[in-house]
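One structure is given below, encoded as structure tokens.
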Amino acid sequence: MLSLQVIRENRQEVIDRLKIKQVDATEFVDRIIRLDDIRRESQQEMDALNAQSNALAKEIGILFQSGKGDEAKGLKEQTVELKSRSKEAEASMEKAVKEMEEVMVLLPNLPHPSVPPGTSADDNEIVFEEGIIPELHGEAVPHWDLVQQYRIIDFALGNKITGAGFPVYQGKGARLQRALINFFLDQALEDGYAEIQPPYMINAASGFGTGQLPDKDGQMYYVPEDDLYLIPTAEVPVTNLYRDVILKPSDLPVRHVAYSACFRREAGSYGKDVRGLNRLHQFDKVEIVQITSPENSYPTLEEMRKYVTGLLRKLGLPFRIVKLCGGDISFTSAMTYDFEVFSAAQKRWLEVSSVSNFEAFQANRMKLRIKDESGKMIPAHTLNGSALALPRILAAILENYQTPGGIRIPDVLIPYTGFDLIS
RNA sequence: GGAGAGAUGGCCGAGUGGUCGAAGGCGCACGCCUGGAAAGUGUGUAACCGCCAAAAGUGGUUCAUGGGUUCGAAUCCCAUUCUCUCCGCCA
């Protein structure tokens with residue numbers, strides 16, 4: 001969430017910048033400021049009353065200790081009176097804080113000034129494009145046919161044991177999947193990321209910390225018996241490792257990589273997008289997460305963009321980078337680059353990575369801060385990116401590398417798969 | 001699932017009603033000592049919210065969380081959550 005200080009000191013700017021996200025925040029912002037005024041007023045009153053009764057209690061204590069307890073009677077009555085008035089002020093303060101927080105969590109993050117305006121994915125800005133779209137042979141087919149032909153992924157079996165969106169990988173399909181995970185992890189390790197194996201379930205506090213709760217709770221699988229959610233991405237547990245943490249400048253940058261399965265309900269997604277591997281309820285992903293000082297977060301975003309670019313080059317997939325416009329960028333993000341690979345048989349661009357800078361938005365929710373050299377608290381900035389999400393990468397590899405004699409394996413993966421052809 | 005113990009500052013750990021935001025130690029920071037380091041030694045070392053233009057200062061809150069008793073609670077009472085140990089079950 002945005003900090004109160006930012007909202008108070010930059011009222012008009014906050015409103016103007018949220019317009020780029022297609023949000024009119026005027027009413028919310030003014031309500032927050034008004035509630036904060038009430039809060040301050042009530043607190044001042046409460047503080048003054050508490051100060052008085054603290055002083056009286058001290059006096060009474062001295063009287064009792066010097067054996068003059070009977071002289072304290074009048075003072076005691078005074079504190080009772082003060083206390084009830086203080087309770088009233090406190091109640092008013094707490095009411096204002098609660099209402100204020102309810103509104104605060106509804107405000108999205110401010111988009112970076114360079115984020116293009118726009119209302120939908122059509123207005124996103126293509127900032128980079130690379131690679132050659134392969135010429136497929138005459139009998140080339142989409143991946144959902146290939147996986148059947150070579151018996152490497154079985155969607156029907158998944159339907160049987162779970163339901164739609166939970167495919168079963170088998171044989172060389174399973175091994176290719178595992179190879180991709182290891183390849184992505186090894187690449188990140190080589191780049192200096194420290195590996196984490198996170199829990200796959202999270203509590204509500206973690207979901208709130210990274211911004212999935214309260215607004216996106218319908219997108220996560222929920223286990224009521226234990227009040228836990230299945231992770232939609234490793235971002236949630238990994239970033240929340242730093243919830244309620246105060247970092248030293250020497251801890252920065254924090255750089256983590258984590259493989260995890262990801263679970264998404266995808267409520268409301270139907271149609272052609274869900275065909276084959278394009279959209280699943282359970283999928284694998286390797287995620288990179290960084291925590292930096294405010295001045296380093298945008299250079300870090302570029303660094304992460306470069307890193308993901310390198311992965312796609314090594315896999316030999318044609319891709320483009322899209323800078324999301326205000327209308328398409330997520331609630332929590334200040335700037336996001338999406339990476340899309342071209343899946344040659346579907347003839348579609350598929351999103352395989354999303355790299356975002358959240359600035360202090362998640363850190364504010366999580367109480368993640370940095371204590372600088374002079375002892376001052378400054379907000380931390382958090383970033384993350386997929387590096388990479390597996391199913392669509394797999395789809396693109398299968399489609400783009402298909403030949404009449406079988407599916408070739410990209411060179412970089414052969415040491416991991418142990419085979420160079422699926423036939 | 002059954003029984004018991006516990007939750008205090010960055011960490012360990014003392015503290016059973018009054019100047020306790022909290023002894024002591026560790027860690028950390030700065031200084032002294034040293035040719036340099038270690039050891040030794042001295043000083044300092046919580047967060048949050050107000051007031052103040054700001055620094056200084058100052059008021060308030062915080063000893064798991066929420067409530068209660070009391071003039072006064074880390075300390076007493078109740079509830080909740082979590083952790084640990086033993087037993088049971090189990091990859």
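In this text, all values refer to a predicted model and were calculated from it rather than measured experimentally. First the proteins, then the strands, lettered A, B, ... as listed; each starts at 1.
Listed by residue number, there are no residues of residues 90-104 of chain A with a heavy-atom contact under 4.0 Å to RNA chain B.
Checking side-chain atoms of A:Asp24 against main-chain N and O of A:Thr26 turns up a donor-acceptor pair under 3.5 Å. Under the 3.5 Å distance criterion, the side-chain polar atoms of A:Arg392 are matched with a main-chain donor or acceptor of A:Asn278.
Side-chain N/O atoms of A:Asn54 include none lying less than 4.0 angstrom from OP1 or OP2 on B:U19. Put simply, A:Arg40 has a side-chain N or O that comes within less than 4.0 Å of OP1 or OP2 on B:C51.
At whole-Å resolution of the value, CG in A:Leu82 and P in B:G60 are 13 Å apart. Atom CG in A:Asp227 sits about 10 Å away from atom P in B:C82, given to the nearest Å.
By the neighbour-count criterion of 12 heavy atoms within 6.0 Å, atom CD of A:Gln197 is sparsely surrounded, having that number or fewer from other residues, nucleotides or ligands. Counted within 6.0 Å of CD on A:Glu27, heavy atoms from surrounding residues, nucleotides or ligands total 12 or fewer; the atom is thus considered open. Residue A:Asp411 places its CG atom among 12 or fewer non-hydrogen atoms of other residues, nucleotides or ligands, all under 6.0 Å distant.
Across all strands shown, B:A23 remains unpaired; no Watson-Crick or G-U wobble contact has both distances below 3.5 Å. B:A74: no Watson-Crick or G-U partner with both key distances under 3.5 Å is found in any strand. Pairing for B:G42 is with B:C30, a Watson-Crick or G-U wobble pair whose two hydrogen-bonding atom distances lie under 3.5 Å. Across all strands shown, B:G35 has no partner, as no Watson-Crick or G-U wobble contact with both distances under 3.5 Å is found. Using the Watson-Crick or G-U wobble rule with both distances under 3.5 Å, B:C48 pairs with B:G60. Pairing for B:C82 is with B:G6, a Watson-Crick or G-U wobble pair whose two hydrogen-bonding atom distances lie under 3.5 Å. Across all strands shown, B:A14 forms no Watson-Crick or G-U wobble pair with both distances under 3.5 Å.
Considering only heavy atoms from C-beta on, A:Asp338 stays 4.5 Å or farther from A:Asn124 through its side chain.
When heavy atoms are screened at a 4.0 angstrom cut-off, A:Gln44 is found touching the sugar-phosphate backbone but no base atom. Counting any heavy atom pair closer than 4.0 Å across all strands shown, A:Lys83 reaches a base atom.
A:Asp47 contributes no side-chain N or O that forms a donor-acceptor pair with the base of B:G60 under 3.5 Å.
Ion pairing of A:Lys98 with A:Glu94 is absent here, as no side-chain N (NZ or NE/NH1/NH2) approaches a carboxylate O to less than 4.0 Å. With salt bridges taken as basic N to acidic carboxylate O contacts below 4.0 Å, one links A:Arg8 and A:Asp37.
Taking CD1 from A:Ile414 and CZ from A:Phe183, the interatomic distance works out to 12.0 Å, rounded to the nearest 0.5 Å.
Distance noted for atom C1' between B:U58 and B:A5: 43 Å (whole Å).
Note on ring orientation: taking the six-membered ring where Trp is involved, the planes of A:Tyr221 and A:Phe263 are perpendicular (angle over 60°, cut-offs 30° and 60°).
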Protein and nucleotides 45-47 of chain B: nitrogen or oxygen contacts under 3.5 angstrom:
residue : atom : partner  : partner atom : Å
B:A47   : OP1  : A:Lys371 : NZ           : 3.0
B:A47   : O3'  : A:Arg369 : NH1          : 3.1

